[in-house]
Amino acid sequence: MSTPSRIEEFAQHASSYAGRPLSAADADGYDDLWRWSVADLDGFWRAIASYLGEDLPGPALAEERMPGAVWFPEARLNYTASVFRDRPADEVAVVAATEDPAATRELTWAELRAEVASLAATFRELGVGEGDRVAGFLPNGAEAIVAMLATASIGAVWTVCGMDYAASAACARFGQLEPTLLVHASSYLHGGRTHDRSGVVNEIVSSLPTLVARLEIGTDAWRDAVGRDADLEPLPVPFAQPLWVLFSSGTTGKPKGIVHSHGGAVLEQAKVAALHFDLGPGERLLWYTTPSWMMWNFLVGALLTGASVVAYDGSPAYPTPDALWELASRHGVTALGMSPGYVAACQKAGVGPAGHDLHALRRVGISGSTFPANSHEALQDELGPGVQICSISGGTDVVSAFVGPAPAVPVWPGELSRPCLGVALDAYDAAGEPVMGEVGELVITRPMPSMPIFFWSDPDGARYRDAYFDTYPGVWRHGDWITRTEHGSVVIHGRSDATLNRNGIRMGSGDIYEPVEALPEVREALVLGIEEDGGRYWMPLFVVLADGVDLDSALETRIRDAVRAHASPRHVPDEVYAAPGVPHTRTGKKLEVPVKKVLLGQDLSGALDPGSVDDPGVLDWYAEVGRRHRDSTGGSR
């Protein structure tokens, strides 16, 4: 007899809160559980807290409004205390892996607890107290996790950037918070090469006048800081106490400091990890990420379930393209997370899970962008029926998922299985009416506890309201086009601010990328729809080609035919360009809106932080394409 999934256990636990039997043993049971979870937010979140072992008295949702919902006003808790509750001392909590297998480091729960306690005591001695900010400029290793948990334990506020960030990009974020302490490394290993970042660190330090101290990992000072004898004494804080600040990409203006609470992060992250990914004691999660991306926070959040995590610092494709699969095999990973781009790169290189011992693997998570159906089908064939592909979509805004998997719900290629529990998701048309089977705006109609408590340096809340509530007052508009299907799944079409609206027919960019990027000659694509003077509409497609491939007329015809046959005959591109690259955010999202503005000739120098772009130089190439197009058409708006 198989062990019930954690979501099935939760459904039984929650039945007493619902006053009727609940189940998650199949799709119908999950749908019933979801409907209750969004209809009775107070009962659902009290059931979640109880199931997780959180003693949170009083009402869950004391005041329902968006923004500004009041959650668990009588409760006190601490994220770090929740991580360490009832953990077995001798079992592994964190595996820190790099490109050098010999450098792998494992920390048991007892060792992790001891380092967190010691570092928290060091922080206090350095003058860091409740509400102060601690900044990290760190690779994805055990030290970043220890520093984050130590910060949270004393009621201070954490923020972090990965070490690929330029000094200007890091300071554009850290400088807003006026941190007291910087925890940093001076180098990191990526692609077989050590990257010296000591000069960048010095620039950051000199730009942060509020710093009272800095700690460099790997030094004697760091070893002393984490090696002392100290008790872990997490400070109980209100549910809405700031825990960490994550930043928006900075591609459309000054990076927004998105502030999340201890309580919201504990409940939301544990809910998704435990119920949707079935993580718990004995499970092990590896998600390829950097500390700059919200998936790092999600990775750390898996500790809330008692699962162990693998923090990998390095390239997913070094020394071979299937390095991530090799890591999963070596460390007995049960849940492995990656991007659609990595899956596509492996498939084009002819590598993947085949040939690796993945007997422990039960789930492969996909996030970061839309996952094409053809890539999904090919990956599922390689994995076999015993591994569930778990596409998720959410955001930095909530450090959680809006839609994702459930153990007993089917997975349809190119679709996300269901809205997550407690997420009142819908699709709205322009008039604010729900639509089914049609493209609409992704909206959340009732609060989630991990919605931001505020934006940093936004005293009147204007930036917060404008970010999510400017279109449908009182309803969260996330900025994605989605379709809710008749069988209950969700299809993500891409960002609604980068919609392809040709002849009144809307289409998401993701629908174009799927057939184009499936072509073996195309490594990546970028498509844009641009309104011009005189009612003209220009829709160029940019393709980054595989090595040794030229964009000749035959390939251009194949690209157009692929769009016509598999996306829409109305959205065949006007022109196809061979591009030197596609610019991305540091977390891998294509910069559709900034490139659109560049093609229109707009000056982004005051609105775009170059440090937030992986290849800012390539924007000059797009600017030249835009200039030539405007010259040939007599200019555009």
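Quantities reported herein were computed from a predicted structural model and do not represent experimental measurements.
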* To do: Answer yes or no on whether R113 is positioned over the face of F84, meaning its NZ or CZ is under 6.0 Å from the six-membered ring centre and within 45° of the axis.
  => yes
* Distance-only donor-acceptor check, side chains E441 and Y472, under 3.5 Å -> no
Taking only distance into account, with no hydrogens and no angle test, what donor-acceptor pairs under 3.5 Å do side-chain atoms of residues 389-401 form with protein atoms, sequence neighbours excluded?
residue	atom	partner	partner atom	Å
D397	OD2	Y468	OH	2.6
S400	OG	E268	OE1	2.7

* Asked: Quick one: which of S292, S248, C161 gives a side-chain contact (heavy atoms from CB on, under 4.5 Å) with R173?
  -> C161
Would you be so kind as to tabulate the donor-acceptor pairs closer than 3.5 Å made by side chains of residues 144-159, with sequence neighbours excluded?
residue	atom	partner	partner atom	Å
T151	OG1	A147	O	2.8
S153	OG	A150	O	2.7
T159	OG1	V245	O	2.9

* Asked: Which of these passes side-chain hydrogen bond (donor to acceptor under 3.5 Å, both in side chains) with Y79: H262, H260, Q269?
  -> Q269
* Asked: Tell me, do V443 and L425 make a side-chain contact under 4.5 Å, heavy atoms counted?
  -> no
* Around H487, counting heavy atoms of other residues, nucleotides and ligands shown, do more than 12 lie under 6.0 Å from its NE2? -> yes
* Asked: Any side-chain donor-acceptor pair under 3.5 Å between S50 and Y17?
  -> yes
* State plainly whether the residues E91 and R284 are in salt-bridge range, i.e. N to O under 4.0 Å. => no
* Asked: Angle class for the F469/W476 ring planes (parallel below 30°, perpendicular above 60°, tilted otherwise)?
  -> perpendicular
Side-chain donor/acceptor pairs under 3.5 Å, residues 133-141, sequence neighbours excluded:
residue	atom	partner	partner atom	Å
R133	NE	L177	O	2.7
R133	NH1	G131	O	2.8
R133	NH2	L177	O	3.0
N140	OD1	W296	NE1	3.2
N140	ND2	Y312	O	3.2

